[in-house]
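Proteins come first, then strands; the chains are lettered A, B, ... in the order of their sequence lines, and each starts at number 1.
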Amino acid sequence: MAQRLKNNLAPLRLHVPEPKFRPGDKADFSDIVVPPVDALPRPDEAVKPAEIHDLAYGLVRVLDDDSGARGSWNPGLDADRLRLMLRKMLLLRAFDDRMFRAQRQGKTSFYMKSFGEEATSVATAMTLQHDDMCFPSYRQQGILITRDYPMIEMMNQIYSNRGDRLKGRQLPIMYSAKDYGFFSISGNLTTQYPQAVGWAMASASRGDTRIAAVWCGDGSTAEGDFHSALTFAAVYNAPVIFQVVNNQWAISSFSGFAGSERTTFAARAIGYGIAGLRVDGNDALAVYAAMEWAANRARTNNGPTLIEYFTYRGEGHSTSDDPSAYRAAEEYAEWPLGDPVERLKAHLIGLGEWSDEQHAALSVALMDEVKTTQKEAEKNGILGHGLHHPFETMFEDVFEEMPWHLKEQCAQMLEEQHDKFGDEWKPN
Amino acid sequence: MAQRLKNNLAPLRLHVPEPKFRPGDKADFSDIVVPPVDALPRPDEAVKPAEIHDLAYGLVRVLDDDSGARGSWNPGLDADRLRLMLRKMLLLRAFDDRMFRAQRQGKTSFYMKSFGEEATSVATAMTLQHDDMCFPSYRQQGILITRDYPMIEMMNQIYSNRGDRLKGRQLPIMYSAKDYGFFSISGNLTTQYPQAVGWAMASASRGDTRIAAVWCGDGSTAEGDFHSALTFAAVYNAPVIFQVVNNQWAISSFSGFAGSERTTFAARAIGYGIAGLRVDGNDALAVYAAMEWAANRARTNNGPTLIEYFTYRGEGHSTSDDPSAYRAAEEYAEWPLGDPVERLKAHLIGLGEWSDEQHAALSVALMDEVKTTQKEAEKNGILGHGLHHPFETMFEDVFEEMPWHLKEQCAQMLEEQHDKFGDEWKPN
Amino acid sequence: MIEAINSALDVMLTRDPDVVIMGEDVGYFGGVFRATAGLQRKHGKTRVFDTPITECGIIGVGVGMAAYGLRPVPEIQFADYIYPGLDQLVSEAARMRYRSANDFICPMTVRSPFGGGIFGGQTHSQSPESMFTHVCGIKTVIPANPYDAKGLLIAAIEDNDPVVFFEPKRIYNGPFSGYYDRPVEPWSKHEGSAVPEDYYRIELGKAATVREGEAVTVLTYGTMVHVVKAVVAETGIDAEIIDLRTLLPLDIETIEASVKKTGRCMVVHEATRTSGFGAELAAQVQERCFYHLEAPVERVTGFDTPYPHSLEWAYFPGPVRLARAFDKIMKD
Amino acid sequence: MIEAINSALDVMLTRDPDVVIMGEDVGYFGGVFRATAGLQRKHGKTRVFDTPITECGIIGVGVGMAAYGLRPVPEIQFADYIYPGLDQLVSEAARMRYRSANDFICPMTVRSPFGGGIFGGQTHSQSPESMFTHVCGIKTVIPANPYDAKGLLIAAIEDNDPVVFFEPKRIYNGPFSGYYDRPVEPWSKHEGSAVPEDYYRIELGKAATVREGEAVTVLTYGTMVHVVKAVVAETGIDAEIIDLRTLLPLDIETIEASVKKTGRCMVVHEATRTSGFGAELAAQVQERCFYHLEAPVERVTGFDTPYPHSLEWAYFPGPVRLARAFDKIMKD
Ligand SMILES: Cc1ncc(C[n+]2csc(CCOP(=O)(O)OP(=O)(O)O)c2C)c(N)n1
Ligand SMILES: Cc1ncc(C[n+]2csc(CCOP(=O)(O)OP(=O)(O)O)c2C)c(N)n1
Ligand SMILES: [Mg+2]
Ligand SMILES: [Mg+2]
């Protein structure tokens with residue numbers, strides 16, 4: 001195929017996006033527009049989507065540059081609730097730290113931190129009812145922590161040990177906790193999107209009052225499931241809240257490969273005629289406010305909302321990833337929207353309801369709590385060290401009742417274990 | 001699961017869309033807003049998508065209520081070209097009529113008409129270069145007719161006879177004509193969308209000047225492929241034109257099940273930050289103008305456009321369908337945007353370049369032309385009457401070279417035919 | 001058979017408020033094959049409704065509904081169009097119970113017409129069942145007559161695991177002997193076509209021996225049951241014909257007993273040959289009955305090409321292909 | 001092996017301006033397994049680039065590029081994630097030549113790491129190859145060592161039909177004996193790991209006999225080639241080990257000749273058992289070699305469950321499972 005120029009037309013060009021900074025570059029985010037607090041005031045929850053297109057291009061903010069909470073989006077939380085929010089974010093951070101380290105110590109195969117994005121799971125979970133169903137991606141462990149899911153259960157899962165409620169079957173961090181309104185996490189991106197819509201449709205069709213909330217990353221928005229989900233939700237006015245945690249990166253690909261060079265992720269909502277909000281994801285109060293708005297909207301039969309949290313993935317994609325290979329080292333430090341924990345802390349201090357000392361003490365206390373729990377969990381075993389669920393459990397739950405062929409295979413497997421380990425092979 | 005009312009909340013409700021009219025109802029489309037010609041004037045082709053959101057909610061029109069061509073979108077075609085356009089639409093209509101009838105006569109298994117939507121294939125094809133690649137759905141036979149593809153080839157395909165270039169393999173109307181810039185039609189909805197983007201990306205990456213155009217129906221926009229395609233096109237600024245022929249109906253489901261109760265299909269473009277136009281699909285000049293605008297835009301590296309043609313499916317979905325079972329009988333007659341052929345005819349007559357007599361004569365002449373071609377085609381056989389491609393062809397083209405297992409199966413099949421038909425079994 | 005399916009859905013909608021039916025054109029219109037005719041009117045729009053055209057969405061939404069506690073029964077209009085929804089079936093529905101250790105389950109039945117013989121061309125004729133049997137966590141069910149269709153569909157809907165329920169569309173309106181040039185016989189003239197109005201179920205995982213015989217065991221399902229029966233009747237071969245009904249879990253006992261009795265085994269399906277379900281059947285039969293087999297397990301299948309439109313009857317595993325296979329296996 | 005794959009891609013990008021590589025993270029970063037490391041820098045951003053995360057889009061766009069005249073080589077990051085793109089592969093890529101009667105073709109090679117043994121849990125460990133062998137119009141290729149990986153990948157890219165090229169990720173960085181508790185041996189220490197820098201191709205559809213023997217034929221591919229070799233070396237069984245390399249089209253001649261010689265056949269793969277490719281192999285072997293077989297064809301496979309994270313070595317068809325199978329088949 002030769003190049004063909006015709007009618008004196010200039011040749012076509014393929015545009016391939018490129019992030020602004022690569023390793024060695026100095027990160028400079030001065031081009032990111034941070035509008036003033038309340039640039040776009042909070043509309044009524046029953047507003048028509050067509051009337052709030054600008055909210056999909058703005059940035060809902062509550063915490064001002066001086067850390068004061070301002071404007072119509074301010075959810076007006078009391079100090080106890082603010083401290084609870086801070087505590088949960090700190091606990092999440094401590095948990096992430098320890099578990100990341102556990103992976104590095106060879107105690108498990110895999111871990112994923114949510115550093116820098118803590119507000120998008122903690123503040124959101126605080127707005128929902130306990131029995132609303134969350135359909136998270138793999139980076140919303142903050143929901144479980146906020147909902148007081150026993151941390152030891154999370155650790156058992158991460159270690160795939162004999163205490164793991166998921167029987168060691170799932171990759172670490174792929175929790176499932178129905179009682180805590182936390183849907184089984186999938187390794188397959190964005191599949192939870194239509195599922196959340198289905199759950200919400202079921203709830204609506206039964207005249208229930210529970211709503212669904214679903215999370216995915218910026219990169220994941222490209223999957224077809226995203227579109228199927230938004231289409232279904234628009235058609236049936238499903239009581240569901242779509243959330244896109246735009247942390248700027250997929251694995252090594254920046255959000256430009258999901259379309260962010262042209263528009264915001266919140267603007268996707270406009271295409272379906274549903275409400276869309278773009279929110280400062282590192283402002284826990286803005287996150288809370290947006291989610292509360294969307295939840296009220298869903299619960300009063302005003303339909304679905306898509307919220308984009310504009311945030312930044314402070315660390316690697318997972319323990320398998322090394323971000324220094326593809327992005328500038330200091331991006332997080334330069335991030336114009338700061339750190340969600342630091343911002344909330346500053347706010348509380350500004351209110352006179354918190355202090356650096358209290359903060360330091362709490363951090364230590366929470367880290368101790370995590371360490372203690374970790375020790376407990378490790379009594380149940382760590383990955384690859386024998387204390388796993390019995391081998392037979394591998395064949396359970398494929399179906400409700402085990403069919404003959406799995407029974408046969410199970411018997412075969414047990415004989416193999418016997419060949420391998422002799423009479424004392426049976427662990428547990 | 002009992003209904004649970006909590007916090008005095010009203011129960012959720014599932015909204016299930018319902019079209020305005022069902023069999024027995026009187027169709028009344030007076031609520032459809034038809035804006036005046038040039039309500040939204042034609043912007044420069046290099047305009048930023050963000051500046052033309054309103055075009056996604058308007059309706060590009062050229063032919064005024066008095067059939068005059070007005071406004072900035074008027075493509076200013078000379079009378080010869082207008083007559084050519086009319087002729088192609090009439091020919092398409094005659095072709096559809098005969099082939100529909102052929103199916104009813106048992107000469108083939110299946111047919112799909114494009115009645116009422118002729119402008120969306122004829123006028124669009126006229127704006128493109130002959131070597132731009134069209135990725136049609138099954139209802140754009142007008143492209144082939146406009147590009148002077150030999151009609152007998154279309155008929156041979158419909159009859160799956162020995163003249164069929166597709167060797168009788170495909171369902172009728174699933175043409176393929178690379179030399180005419182017409183991509184192989186798929187039975188699977190919307191798969192052509194990402195393919196068109198890929199073709200356009202390839203063209204751009206080679207510095208070619210050819211662009212791609214792709215069509216799908218309103219119902220088909222719900223498939224994940226649609227989203228994947230728009231995402232890719234947005235990311236790489238692909239020179240592709242997306243078209244949604246919104247003929248109000250999928251099979252028995254109205255466009256509300258694709259989300260039209262909330263917004264327009266053109267508005268989907270806004271979500272991706274690409275240009276979106278909503279066009280009167282029964283106004284051939286508006287269709288031409290919109291497509292020309294988008295083609296110019298694509299060819300000058302200004303990126304993709306999504307065009308919605310607002311039109312109406314005048315007849316059944318296919319020969320397998322009976323629309324009287326699910327929609328009001330007189331919808332087409334009541335359709336506020338009229339009939340594309342009649343409107344163009346009236347325009348030409350208004351210009352003094354056409355007359356009722358000429359129109360009637362042309363209709364007869366074209367029908368004769370179609371009938372004559374049909375007779376020719378039927379010499380090559382009709383479906384199920386022996387004059388098909390040799391049986392061996394069934395095994396060809398699965399791969400470039402036939403692997404051993406297909407050779408074995410082919411030999412087996414030939415022996416079967418021998419058993420079945422004896423020595424004279426070989427047709428052709 | 002289409003009425004039997006309709007009746008099964010009606011019965012289940014009536015008995016169980018958790019049952020929900022959805023799919024393209026299944027609502028007001030009642031489905032392109034009329035499987036859901038009248039159900040929306042009777043049970044209401046929130047129980048039986050049309051959907052957007054996205055198989056990914058239909059199945060994914062079904063998974064979510066099932067997680068909530070409903071029993072969704074989505075329809076995929078043609079089995080050929082199930083692929084856009086395959087990820088939701090394979091990676092989600094099939095895995096839900098296992099990956100969550102029973103925390104979430106997926107009692108969903110995906111109905112879909114499959115198979116050829118209606119001049120549907122390559123995209124309205126496919127038989128993709130073997131793919132589903134490879135996916136652990138899904139049951140695959142295929143009825144061959146109205147009575148079974150109703151009983152199996154009810155059992156599928158009541159099952160607490162995801163079931164793919166493939167309906168052989170060629171026999172929706174009557175059995176099919178394989179002689180496409182003979183007049184269509186309606187179900188009403190057919191034995192075993194009487195379908196009780198009320199609730200009944202046929203256990204999943206149990207095959208039916210539709211003809212007892214001593215000479216050779218024929219394992220088949222769907223449309224091909226009738227074609228095999230016609231050929232057997234014509235040729236007078238004393239074949240034992242087993243209608244598998246459920247491909248997974250397979251009724252291995254019935255199969256094994258029969259093959260050990262007859263010493264010969266033929267497997268018949270319309271799907272393409274390579275890695276079709278016949279491969280699994282052949283593999284299992286020779287594993288379990290090796291010393292009883294007097295001839296290789298013979299597979300009679302569709303060819304490894306797309307389903308061709310005009311040559312559909314040269315493609316279809318009809319009477320001639322079957323007769324030749326019987327000749328061969330009885331000679332061996 | 002990962003370097004060999006990288007080299008094949010580099011060679012083809014250099015030789016043929018129509019070759020284009022795309023996929024999630026394959027561009028600047030060079031792929032999560034480093035298969036495309038350095039290629040964007042060398043060949044430019046329009047030849048090697050990252051994509052949106054939509055497998056449907058990646059494969060669908062590839063089909064369109066191929067229709068234009070390019071030779072796209074998309075990567076699917078893990079085989080487990082190929083399902084959202086399956087419709088574009090099965091209904092489009094595989095059908096293009098046939099349905100258009102050669103008007104359009106699809107010379108596309110979809111690369112994807114597959115298989116387990118890396119503690120990837122159920123969504124980074126699957127082996128879905130048998131599904132693709134059921135789809136007519138696609139070739140399925142699986143290399144087992146660096147030399148073959150390069151030669152086969154070049155042949156796949158040059159092939160004018162769509163090829164699914166599954167790379168056994170467990171052996172990217174060294175062969176694997178199946179003893180997960182022994183130190184990893186790098187490829188450099190392994191025979192046949194020397195990979196010429198330049199262009200060469202290994203014809204698709206040809207198996208390799210990696211060990212000649214008289215006692216039993218073992219049909220296998222990918223990672224399992226090495227596990228089988230280790231067990232054979234240990235037990236001293238005189239097995240003939242055949243590395244299939246291409247599953248479709250299958251090298252039936254090599255298989256048939258070997259089984260007729262040894263009289264016994266074992267099939268080994270990591271994929272789940274039911275309707276795995278072993279079923280097709282067993283079916284064909286018994287069809288063609290029935291009167292030579294002294295024992296049933298024995299399948300040694302992964303179990304019919306998702307790949308469990310913590311019990312991955314109880315799931316994997318390792319040395320113990322193989323040794324037991326050898327015992328059985330030699331006794332029969
Ligand atoms: C269907 C599918 N395709 C690809 C992957 C591999 N993968 C895992 S995470 C990831 C990046 C996701 O990025 P994003 O959506 O931005 O989420 P984040 O990790 O930033 O929260 C990719 C490509 C997958 N898990 N599933
Ligand atoms: C993937 C897929 N799902 C379902 C179908 C069945 N089907 C064929 S046409 C059609 C309706 C399409 O409606 P629309 O997109 O509005 O196109 P129109 O026929 O109105 O031009 C359906 C559901 C299909 N062909 N492919
Ligand atoms: Mg991200
Ligand atoms: Mg339509």
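Residue Leu14(B) holds its CG atom at 12.5 Å from CG of Asp208(A), rounded to the nearest 0.5 Å. Annotation: the span from Leu9(B) atom CG to Arg210(A) atom CZ amounts to 13.0 Å, rounded to 0.5 Å. In this structure, CD on Glu223(B) lies 7.0 Å from OG on Ser228(A), to the nearest 0.5 angstrom. Atom-to-atom distance recorded for His15(B):NE2 and Met201(A):CE is 10.5 Å, nearest 0.5 angstrom.
Shortest non-hydrogen contact noted between Gly256(A) and Val235(B) is O-CG2, 3.5 Å. Scanning both residues, Pro239(B) and Leu12(A), for their nearest heavy atoms gives CG-CD1, 3.7 Å. Among all heavy-atom pairs drawn from Pro304(B) and Arg262(A), the shortest one is CD-NH2, 3.8 Å.
Contact of Ala298(A) with chain B is made through the backbone alone, with heavy-atom distances under 4.5 Å. With a 4.5 Å cut-off on non-hydrogen atoms, Ala56(A) does not touch chain B at all. Heavy atoms of Ala238(B) lying under 4.5 Å from chain A are absent altogether.
At most 12 non-hydrogen atoms from other residues, nucleotides or ligands lie less than 6.0 angstrom from CZ of Arg13(A).
When the side-chain contact (heavy atoms from CB on, under 4.5 Å) test is applied to Gln248(B), the partners found at least two apart in sequence or on another chain are Asn246(B), Ser255(B), Phe310(B), Tyr312(B), Trp335(B).
In this structure, the side chains of Thr231(B) and Thr221(A) stay at 4.5 Å or more apart for every pair of heavy atoms. Between Phe232(B) and Phe257(A), every side-chain heavy-atom pair lies at or beyond the 4.5 Å cut-off.
Looking only at heavy-atom pairs under 4.5 Å with chain B, the residue among Ala204(A), Ser260(A), Gly273(A) that has the most is Ala204(A).
Contacts of residues 263-272 of chain B with chain A at a heavy-atom distance below 4.5 Å involve Thr263(B), Thr264(B), Ala267(B), Arg268(B), Ile270(B), Gly271(B), Tyr272(B), listed in sequence order.
At distances below 3.5 Å, not a single donor-acceptor pair connects side-chain atoms of Asp225(B) with backbone N or O atoms of Gly224(A).
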